[in-house]
Amino acid sequence: MTDKRALRGRLLDFIADPAVAGQEAVRYIEDGILVMEGGHIVARGTAAELLPALGGVPLDDWGGRLIVPGFIDLHIHYPQSRVIAAFGTQLMDWLERYTFPEESRLADPAVATAMASFFLDELLSNGTTTAVVYGTVHAAATDAFFAESERRNTRMIAGKSMMDRNAPPWLMDTAQGSYDAVTDLIGRWHGRGRQLYAVTPRFAVTSTDEQLEAAAALLAEHPSVFLQTHLSENDKEIALVREIYPWARNYADVYRHFGLMGPRSLFGHSIHLDDEEIEMLAESGSAAVFCPTSNTFLGSGLFDRERLAAGGVSIGLATDVGGGTSYSMLETAGEAYKVLQLRRQTLRPFDAFHMLTRGNAGVLGLGHLIGSFDVGSEADVAVLDARATPAMAHRMTAVEGDLEQELFVLMIMGDDRSVAATYVAGEPARRLGLA
Ligand code: GUN
Ligand code: ZN
């Protein structure tokens with residue numbers, strides 16, 4: 001028996017960064033076929049080339065819909081699905097009033113499993129097939145997340161939050177306790193099937209020196225794991241970091257000092273950076289992760305994409321649910337465009353779709369596995385419909401035949417309604433969490 005399956009539609013992916021290579025970076029096949037087998041892409045070409053040889057291979061014909069690689073979200077919190085749209089606060093009060101109490105509920109592994117299940121199904125409904133995910137402080141809740149991801153065969157990168165100060169006592173671990181728990185989690189999950197681990201000291205505010213040292217030790221002992229944390233998001237947070245680490249030259253210097261920067265390190269937000277911090281990120285090969293819906297919702301500030309790019313920093317894009325307000329990477333790209341408008345900068349549609357796919361994969365160093373339709377890549381796919389709502393269909397009549405404008409309609413007007421289907425490792429995704 002074979003699990004071979006083919007998709008027909010308008011294939012779009014990227015072979016390079018359009019911000020650098022221009023139109024040459026765009027790979028578009030108007031009537032294309034993607035053949036998937038064993039979880040991988042085994043052929044890609046025009047229908048004229050590939051259709052005659054398909055024989056009895058099941059074919060999902062998506063007609064005029066756009067077939068793109070599954071989206072990649074570089075920063076999201078799975079325990080915060082019930083925190084989205086919490087009114088009236090900025091970061092530090094938001095954590096205290098809404099987020100920490102909600103995260104406390106995941107001490108119960110059954111709650112964690114239900115949350116993970118809802119969360120992963122929601123990602124798939126939005127065409128997101130890979131995400132870099134924060135768990136709570138509870139190790140069992142991170143086990144629950146990986147178990148649910150494994151059931152769906154999604155490629156997820158996740159980690160248990162490490163917090164040993166400035167949090168409610170029942171949400172704290174210790175430097176040694178977190179080191180031991182994370183060592184176990186890495187042993188159980190990193191590289192098992194499609195699951196990968198990210199060491200996750202929540203942010204400098206909630207870790208002691210000893211815990212940041214423990215995080216660095218974990219990275220040194222497991223060179224292929226990732227690191228994720230928050231950096232320079234909010235003015236009160238930055239003032240607090242200055243107070244707690246009086247010796248540090250700036251916020252980024254805390255992470256640099258403890259050896260947490262490097263090409264597998266992702267720094268969420270990175271909004272209010274000085275030149276030296278930008279240099280630290282660039283020199284270490286660390287990535288800054290732009291979280292636009294969160295940054296506007298929590299009133300954190302406007303990410304300066306041009307300045308960071310000019311400084312040589314690798315930049316990714318993410319939802320940051322539940323500070324972020326949408327699971328949709330389409331909406332996230334739209335909000336990124338709006339933030340950059342306020343900065344008198346821009347985000348071209350091809351650049352945006354590159355970021356959502358091959359770009360974010362490259363930030364992770366996983367471009368050989370995900371983010372494109374290269375033959376041999378893992379077959380994670382989103383099928384998009386720019387005419388999903390009456391308003392979108394109406395708008396589309398004005399830009400018919402223009403791919404760049406169609407992508408812009410998707411990022412400005414699109415959401416989960418524009419995702420007609422999602423395939424995970426070659427299989428159609430279903431809402432496993434629902435009966
Ligand atoms: N900084 C520390 N924790 C968080 C979090 O959960 N969300 C956001 N947006 N920022 C943080
Ligand atoms: Zn976050």
Side-chain angles (χ1 to χ4, degrees), residues 73-86 88-106 115 119 123 131-138 141-142 145 157-168 171-173 178 198-208 211-212 215 226-241 244 251-252 254-255 260 265-272 287-303 316-327 329 332 335 339:
D73 184 341
L74 290 189
H75 181 130
I76 187 164
H77 299 255
Y78 102 80
Q80 296 177 10
S81 55
R82 302 199 320 157
V83 178
I84 298 184
T89 54
Q90 297 208 348
L91 178 65
M92 300 310 294
D93 296 329
W94 174 85
L95 284 172
E96 202 173 309
R97 189 184 312 171
Y98 298 114
T99 306
F100 288 156
E102 179 68 5
E103 292 194 7
S104 303
R105 297 176 62 245
L106 281 84
M115 284 273 190
F119 174 89
L123 289 188
V132 187
V133 180
Y134 285 70
T136 58
V137 73
H138 316 101
T142 297
F145 177 81
I157 303 167
K160 169 200 123 59
S161 283
M162 301 163 74
M163 293 201 274
D164 67 345
R165 67 163 137 178
N166 294 322
L171 273 187
M172 286 201 284
D173 51 17
S178 64
V199 174
T200 309
R202 186 176 199 128
F203 64 154
V205 172
T206 47
S207 285
T208 59
Q211 189 166 60
L212 295 177
F226 294 86
L227 175 116
Q228 61 178 343
T229 189
H230 297 84
L231 168 65
S232 199
E233 176 177 5
N234 167 283
D235 49 4
K236 278 196 189 151
E237 170 212 17
I238 295 166
L240 207 51
V241 169
I244 301 174
Y251 194 160
V254 175
Y255 296 132
L260 299 179
S265 298
L266 305 170
F267 292 94
H269 307 293
S270 300
I271 301 171
H272 310 282
V289 181
F290 181 13
C291 305
T293 72
S294 171
N295 298 161
T296 51
F297 178 74
L298 290 175
S300 302
L302 305 176
F303 185 83
L317 186 65
T319 62
D320 190 33
V321 160
T325 51
S326 170
Y327 293 87
M329 287 301 286
T332 300
E335 192 83 350
V339 165

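These numbers come from a predicted model, not from an experiment. Whatever order the structure lists ligands and atoms in, that order sets their numbers, starting from 1.
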Q) Quick one: does ligand 1 sit under 4.0 Å from the side chain of L91, the backbone, both or neither, non-hydrogen atoms only? A)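 L91 to ligand 1: side-chain contact only, backbone stays beyond 4.0 Å.
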(Q) Does only the side chain of T206 get under 4.0 Å from ligand 1, or the backbone, or both, or neither? Count heavy atoms. (A)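 The answer is neither; T206 stays 4.0 Å or more away.
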Within a strict 4.5 Å, meaning less than it, do heavy atoms of the [X] and [Y] side chains meet?
{"X": "H272", "Y": "S232", "answer": "yes"}
{"X": "V339", "Y": "F290", "answer": "yes"}
{"X": "V241", "Y": "V254", "answer": "yes"}

Q | Gap separating the OH atom of Y98 from the CD atom of Q80, nearest 0.5 angstrom | A |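 Between Y98 OH and Q80 CD, I get 13.5 Å after rounding to 0.5 Å.
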Q: Any chance you could measure L240, atom CG, to N166, atom CG, to the nearest 0.5 Å?
A: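 That separation rounds to 6.0 Å.
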Protein contact of [atom] - nearest heavy atom, named by residue and atom, plus distance:
{"atom": "atom 3 (N) of ligand 1", "result": "R202 NE, 2.8 Å"}
{"atom": "atom 1 (N) of ligand 1", "result": "H230 CG, 3.4 Å"}
{"atom": "atom 7 (N) of ligand 1", "result": "W94 CZ3, 3.4 Å"}
{"atom": "atom 10 (N) of ligand 1", "result": "E233 OE1, 2.7 Å"}

Q: Please calculate the NE2(H230)-the Zn ion (ligand 2)-OD1(D320) angle and round it to 10 degrees.
A: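 About 170° at the Zn ion (ligand 2).
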(Q) So that I can check it, does any N, O or S atom in C291 come closer than 2.8 Å to the Zn ion (ligand 2)? (A)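 Not a single backbone or side-chain N, O or S atom of C291 is under 2.8 Å from the Zn ion (ligand 2).
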Q.
Under a 3.5 Å distance rule, please check whether E233 uses its side chain to pair with a backbone N or O of H269 as donor and acceptor.
A.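 Answer holds: no.
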Q.
Under a 4.0 angstrom heavy-atom cut-off, which atoms of ligand 1 come close to F203?
A.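 Checking each atom against F203, I get 1 (N), 2 (C).
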(Q) Which of the numbered atoms in ligand 1 are under 4.0 angstrom from any heavy atom belonging to D320? (A)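 So the answer, numbered in order with elements, is 8 (C), 9 (N).
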Q: Using the side-chain contact (heavy atoms from CB on, under 4.5 Å) rule, take Y327 and T319 through it: C-alpha gap first, then chi angles, then the decisive distance, then the call.
A: CA-CA 6 Å; Y327 293 87; T319 62; 5.6 Å; no
(Q) Against ligand 1, does Q80 come closer than 4.0 Å with any heavy atom? (A)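 Under 4.0 Å: yes for Q80.
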Q: Could you tell me whether ligand 1 has any atom less than 4.0 Å away from a heavy atom of Y134?
A: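 Per 4.0 Å heavy-atom rule, Y134 does not contact ligand 1.
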Q | Option from E237, R202, H75 for which side chain to side chain donor-acceptor pair (under 3.5 Å) with H230 holds | A |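 Exactly one pass, corresponding to H75.
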